[in-house]
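Not measured: the values here are computed from a predicted model. For the single chain, residues carry numbers from 1 onward in sequence order.
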Amino acid sequence: MKSQRIAFLLWLVLLPFHAADAATGDLPPVSTSGEWHPGKFVWADLITDDIDTAKRFYADLLGWEFRQANVPGRSYLIAFNGERPISGLLQAPQKQASKGRPRWISYLSVTEVGQALQSVVINGGKVLLAPKRLPERGEQAIVRDAEGAVFGVMKTSKGDPQDYLAEPGDWIWEQLLSLDAERAGGFYQTLADYTVIKDPKSRLPDTLILIAHGHARATVTTIPADRPSLQPTWLPFVRVADIRDAVARTDTLGGRVLLAPRADLLEGRLAVIADPSGAALGLIEWDYTQTGEEK
């Protein structure tokens, strides 16, 4: 029942935005790379009940800059990290804002949206918002998986963001919290043709890595039995320069720390926070020099 209520509220919030006429909308392309990376998460939208507060929070915490997009009847901001558009902020209508929980929705690049939706439904998921072609952006839909975790699928018009080493303020990772990682891994393997392997470095049991075309794209982790309040959800992570400074500023800026840095989680370089409206977000301090990757 809870997942059905969430799905219905998301439908109420997103429908006017999703149904915007292509002739009147003014959304920039996700990328103009001319290359596509099925299996990669290429965009994220925040549904919030207070877009002005969210704008200030993310600008101060992550250094994002914002530009207003022309979406008839709705307030929608495009967040930029430097010159790269990386996410959107969508104001929920006042009547629905008091009923729904603000959240981030991540979009997965797929080869063909229609085929992706068939896979979702066949494997126990549900289409929440039917496919829609949006100006410059491409075709997208909102779905939930077999456990109720909500995400989007997208085929961009002009290409997906290229693979690059994330700078502070860029998205760096996606994690799915699941009731059963192995079963969830099978769902997404069918959906996006992932190679699914166990994470040899994770200290959490039943953690899987989703790999697409040689690139690790996300992890799937079984929710611990001692955390029954957690529900299946996708959690996006942003790279920060200093995790402890980011956590301290989260409190100062009106957010909350849901999971403070711990030595047993990425050597104290990972945290989970909530913005002032309650939308959860992961933070990672990542040093590429220690991983052997080069700038």
Inset, instruction - Start with the C-alpha distance between W36 and T156, add both sets of side-chain angles, then the distance that settles side chain to side chain donor-acceptor pair (under 3.5 Å), and finish with yes or no. - result: CA-CA 8 Å; W36 285 263; T156 57; 3.0 Å; yes
Legend entry - Path from L90 to L62 over hydrophobic side-chain contacts below 4.5 Å: no
Inset, instruction - Quick one: pull up CE in M154 and CD in Q140 and give me the separation to the nearest 0.5 Å. - result: 4.0 Å
Legend entry - Close side-chain approach of I211 to I197, heavy-atom, < 4.5 Å: yes
Legend entry - Considering all heavy atoms, the nearest V247-A271 contact: CG2-CB, 3.7 Å
Inset, instruction - Check whether L235 and L265 end up in the same hydrophobic cluster, where Ile, Leu, Val, Met, Phe, Trp and Tyr are linked by side-chain heavy atoms less than 4.5 Å apart. - result: yes
Inset, instruction - Please report the C-alpha distance between T221 and Q175 in whole Å, then the side-chain angles of each, then the deciding distance to 0.1 Å, and finally whether the side chain to side chain donor-acceptor pair (under 3.5 Å) criterion is met. - result: CA-CA 7 Å; T221 301; Q175 182 177 32; 2.9 Å; yes
Inset, instruction - Identify whether the distance between the nearest side-chain nitrogen and carboxylate oxygen of D275 and K55 falls below 4.0 Å. - result: no
Inset, instruction - Report the C-alpha separation of R56 and T53 in whole Å, then their side-chain angles, then the decisive distance to 0.1 Å, and conclude whether the side chain to side chain donor-acceptor pair (under 3.5 Å) test is met. - result: CA-CA 5 Å; R56 290 192 297 270; T53 297; 3.3 Å; yes
Inset, instruction - Would you verify whether the NZ or CZ of R144 falls within 45 degrees of the ring axis of F151 while also being under 6.0 Å from that six-membered ring's centre? - result: no
Inset, instruction - Just say parallel, tilted or perpendicular for the rings of Y188 and W234, cut-offs at 30° and 60°. - result: perpendicular
Legend entry - Considering all heavy atoms, the nearest F66-W64 contact: CE1-O, 3.7 Å
Inset, instruction - For side-chain contact (heavy atoms from CB on, under 4.5 Å), just list the numbers for W286 and L266, CA-CA rounded to whole Å, side-chain angles, deciding distance to a tenth of an Å, and then say yes or no. - result: CA-CA 9 Å; W286 193 257; L266 204 64; 3.8 Å; yes
Inset, instruction - Answer whether the closest heavy-atom distance between the side chains of P161 and V42 falls below 4.5 Å. - result: yes
Inset, instruction - Ignoring hydrogens and angles, state whether a donor on the side chain of W43 or S87 is under 3.5 Å from an acceptor on the partner side chain. - result: no
Legend entry - pair N81-W171: side-chain heavy atoms closer than 4.5 Å: no
Inset, instruction - Give, for atom CD of Q118 and atom OG1 of T190, the distance between the pair rounded to the nearest 0.5 Å. - result: 13.5 Å
Inset, instruction - Take L281 and W104, measure what side-chain contact (heavy atoms from CB on, under 4.5 Å) needs, and give me the verdict at the end. - result: CA-CA 8 Å; L281 181 73; W104 282 97; 4.0 Å; yes
Inset, instruction - Take K158 and E136 through the test salt bridge (Lys or Arg N to Asp or Glu O under 4.0 Å) and record every step on the way to the result. - result: CA-CA 7 Å; K158 298 184 178 180; E136 298 294 304; 2.5 Å; yes
Inset, instruction - Look up atom CG in D242 and atom CZ in R269, then write down how far apart they are to the nearest 0.5 Å. - result: 12.0 Å
Legend entry - pair V196-Q189: side-chain heavy atoms closer than 4.5 Å: yes
Inset, instruction - Please determine if R183 and E147 form a salt bridge, counting it only when a charged side-chain N lies under 4.0 Å from a carboxylate O. - result: yes
Legend entry - Distance-minimising heavy-atom pair for G152 and I105: N-CG2, 4.0 Å
Legend entry - Distance in Å, L270 CG paired with L259 CG, rounded so as to fall on 0.5 Å steps: 6.5 Å
Inset, instruction - Could you please spell out the steps behind the side-chain contact (heavy atoms from CB on, under 4.5 Å) verdict for Y76 and Q91? - result: CA-CA 6 Å; Y76 185 70; Q91 173 69 49; over 6 Å; no
Inset, instruction - Identify whether the distance between the nearest side-chain nitrogen and carboxylate oxygen of D163 and K40 falls below 4.0 Å. - result: yes
Legend entry - Other residues, nucleotides, ligands: >12 heavy atoms within 6.0 Å of E35 CD: yes
Legend entry - Heavy-atom side-chain contact between V121 and K126 under 4.5 Å: no
Inset, instruction - Give a yes or no on whether E139 atom CD has more than 12 heavy-atom contacts from other residues, nucleotides or ligands under 6.0 Å away. - result: yes
Inset, instruction - Rounded to the nearest 0.5 Å, what's the gap from CG on L176 to CG on L208? Could you check? - result: 9.5 Å
Inset, instruction - Given side-chain contact (heavy atoms from CB on, under 4.5 Å), test L283 with V272 step by step and report yes or no. - result: CA-CA 6 Å; L283 306 176; V272 179; over 6 Å; no
Legend entry - Single-linkage hydrophobic cluster, 4.5 Å side-chain cutoff, I51 and L46 together: yes
Inset, instruction - For the residue pair E174 and S106, confirm or rule out a side-chain donor-acceptor distance under 3.5 Å. - result: yes
Inset, instruction - Indicate yes or no: at least one non-hydrogen side-chain atom of Y107 is less than 4.5 angstrom from one of V30. - result: no
Inset, instruction - Establish whether I142 and V113 are linked, either directly or via other cluster members, by ILVMFWY side-chain heavy-atom contacts under 4.5 Å. - result: no
Legend entry - Pairwise distance CZ(R217) to CG(L210) - rounded to 0.5 angstrom: 11.0 Å
Inset, instruction - Of all the heavy-atom pairs spanning L117 and A141, show the shortest one and how long it is. - result: CD2-CB, 4.0 Å
Legend entry - Test item: K155 side-chain N/O and T111 main-chain N/O as donor-acceptor pair under 3.5 Å: yes
Inset, instruction - Side-chain contact test, heavy atoms from C-beta onward, threshold under 4.5 Å: evaluate it for I172 versus V238 and give yes or no. - result: no
Inset, instruction - Assess whether atom CG of D193 is packed by more than 12 heavy atoms of other residues, nucleotides or ligands within 6.0 Å. - result: no
Inset, instruction - Can you sort out the partners of K198 under side-chain hydrogen bond (donor to acceptor under 3.5 Å, both in side chains), two or more places apart, ordered by chain and number? - result: none
Inset, instruction - Look only at the side chain of E167 and the backbone of D170, and say whether a donor-acceptor pair between them is shorter than 3.5 Å. - result: no
Inset, instruction - Considering non-hydrogen atoms only, spot the tightest contact between G39 and A192 and give its length. - result: CA-CB, 4.3 Å
Legend entry - More than 12 heavy atoms of other groups within 6.0 Å of R84 CZ: yes
Legend entry - Flag, side chain of R249 to backbone of L61, donor-acceptor distance under 3.5 Å: yes
Inset, instruction - Following the transitive rule for hydrophobic clusters with a side-chain heavy-atom cut-off under 4.5 Å over Ile, Leu, Val, Met, Phe, Trp and Tyr, establish whether F57 and L258 coincide in one cluster. - result: no
Legend entry - ILVMFWY cluster membership beyond L230 - transitive side-chain contacts under 4.5 angstrom: L177, L179, I223
Inset, instruction - Mind listing the closest non-hydrogen atom pair of Q162 and S33 along with its distance? - result: CG-CB, 3.7 Å
Inset, instruction - Before giving the answer on side chain to side chain donor-acceptor pair (under 3.5 Å), spell out for S31 and D160 the whole-Å C-alpha distance, their side-chain angles and the decisive distance to 0.1 Å. - result: CA-CA 5 Å; S31 170; D160 296 338; over 6 Å; no
Legend entry - Sub-4.5 Å side-chain heavy-atom contact between I273 and T250: yes
